[in-house]
Amino acid sequence: MRAVPSILGFGAIAIDDIVYVDQPLSAGKGKVLQSARAFGGNVATALAAVARLGGSAGFIGWLGSADDDAALCDLVASGVETAFAPRHPDARPVRSRITVGSDGDRFIAYDDDAMLGTAPDFPDEVFSRATVLIVDSYAIRSLDVVARARDLGLAILGDVEWGAGPATDRLMALCDHLILPLGFARAATGCRAPAEMLDSLWSPSRSAVVLTDGGRGVYYRGREETTLWHLPPHRVAIVDSTGAGDCFHGAYAHALTRGSDIAGRVAFAAAAAALSITGRGGREALPTDSQVTELLASASAPSAVELKYARLDTGT
């Protein structure tokens, strides 16, 4: 069998039509500065980030059956292995239209009427040779496959951004590394304070719960300790925040395969995500390992502080 990458993933692949405007989105309208087309998608971009960092990544979701399938070719060009992905003539990417404001914030409109998830009979033999499986919200279509991967000992890293009732609850229960945007964590738990969200999402089966909050940093808890932590953000010139969360997931998975503890994984992922927003689109500025290491070693790199339950105002 061909060598299986350490980090596998399945989920949305997207073709993004991006428009950059000269005003923040809150202005209601603005002049178009530039238009571009790029590939994106949560898991696809996360795996591209892994490859850029020097890790081994493989996409195992549905791809089109043609050898010149655009999504397949883009993954290959990004250094992502596709040999184990199931193929189907009806598979196509999600189509997204993204407006990016002058402050780097963006609005995404998408059409996800596509084949998502992976083949129900995806082979255990492949899973048994990998270490981490990254999934996004669309993994509700392949929950039994995620459960098999978990039973085979893979770390399940969940990038969940929206809910679909009990199916999403089951997906989140299968994720031992649960990494959520803070906004979704608030909706899922009904809590306001990050500390309360972390506690609500925690379970004995978790290895880590991480909440990303853009320009306010990251909140997290790991199995190794009961302390809750807040890592403030890096201060970088924001060009486009598209794909920052996806880069975070990929960098976190890469650090996990290298044996980093929770603090090291979050710090590495946060630095990678910060660097990713200094370029346009979700992948233009995906960093190398040396770039992340350099940012972490800089005098301005933030340090994690203990998160207090009294800190109820998240500013959001």
Side-chain angles (χ1 to χ4, degrees), residues 9-26 28-30 32-50 52 57 59 61-64 69-78 80 82 85 88 90-118 134-142 158-164 168 179-181 183-184 187 212 214 238-250 273 276-286:
F10 66 85
I13 295 178
I15 295 179
D16 299 332
D17 289 309
I18 310 172
V19 175
Y20 298 91
V21 297
D22 67 344
Q23 299 294 324
L25 300 185
S26 59
K29 63 180 180 179
V32 174
L33 298 175
Q34 182 180 346
S35 299
R37 174 167 288 184
F39 281 89
N42 295 33
V43 171
T45 299
L47 295 173
V50 171
R52 178 68 171 158
F59 185 78
W62 289 108
L63 290 173
D69 177 78
L72 181 150
C73 293
D74 175 73
L75 288 168
V76 171
S78 298
V80 178
T82 60
H88 193 283
D90 295 334
R92 69 169 184 85
V94 170
R95 296 303 298 262
S96 301
R97 292 175 174 83
I98 304 175
T99 302
V100 181
S102 58
D103 56 358
D105 200 7
R106 82 274 192 226
F107 183 85
I108 303 173
Y110 59 88
D111 171 10
D112 63 354
D113 184 15
M115 286 184 69
L116 298 164
T118 190
I134 305 176
V135 294
D136 61 19
S137 299
Y138 294 106
I140 59 173
R141 305 187 186 187
S142 300
D159 176 6
V160 185
E161 296 182 331
W162 47 264
T168 301
I179 305 177
L180 310 178
F184 176 71
T212 59
I238 302 173
V239 173
D240 184 354
S241 60
T242 302
D246 308 331
C247 179
F248 186 102
H249 286 80
S276 77
I277 66 176
T278 61
R280 296 190 186 279
R283 300 189 191 172
E284 179 182 277
L286 288 177

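For clarity, every value in this text was computed on a predicted model and none was experimentally measured. One is the number of the first residue; the rest follow in order along the sequence.
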Asp17/Arg95 salt bridge by N-O under 4.0 Å criterion
yes
Nearest heavy-atom approach of Asp111 to Arg92 is OD2-NH2, 3.6 Å
Ser78 backbone acceptor or donor facing Arg52 side chain under 3.5 Å
no
Minimum side-chain heavy-atom gap Asp74-Ile15 below 4.5 Å
no
Compare every heavy atom of Asp112 with every heavy atom of Arg141, then report the nearest pair and how far apart it is.
NH2-O, 4.2 Å
Shortest non-hydrogen pair, Tyr110 vs Tyr138, comes out as CE1-OH, 3.9 Å
Would a 4.5 Å heavy-atom cut-off, applied to side chains only, mark Leu47 and Leu75 as touching?
no
Looking at His249 and Ile179, would you say the former's side chain and the latter's main chain have a donor-acceptor pair under 3.5 Å?
yes
Roughly how far, to the nearest 0.5 Å, is CG of Leu72 from OG1 of Thr82?
4.0 Å
Are Arg106 and Asp16 within salt-bridge range, i.e. N to O under 4.0 Å?
no
Does any non-hydrogen side-chain atom of Asp159 lie less than 4.5 Å from one of Val43?
no
For Ala12, is there any backbone N or O sitting under 3.5 Å from a side-chain donor or acceptor partner on Asp136?
yes
Of the non-hydrogen atoms in Ser276 and Leu286, which two are nearest, and what is the gap between them?
CB-CD2, 4.4 Å
If you compare all heavy atoms of Pro181 against all heavy atoms of Val160, which two are closest, and at what distance to 0.1 Å?
CD-O, 3.4 Å
Using modelled atom types only, decide if a donor and an acceptor are shared between the side chain of Ser142 and the backbone of Thr118 within a distance under 3.5 Å.
yes
Using a 4.5 Å cut-off on heavy atoms from C-beta on, say whether the side chain of Thr168 contacts that of Ser137.
no
Shortest non-hydrogen contact from Ala244 toward Ala273:
O-CB, 3.5 Å
Any non-hydrogen side-chain atom of Ser102 less than 4.5 Å from a side-chain atom of Asp22?
no
Taking the side chain as every heavy atom from C-beta outward, state whether Trp62 and Leu116 have any atom pair closer than 4.5 Å.
no
What's the spacing between Ile98 CD1 and Tyr20 OH if we round to 0.5 Å?
8.0 Å
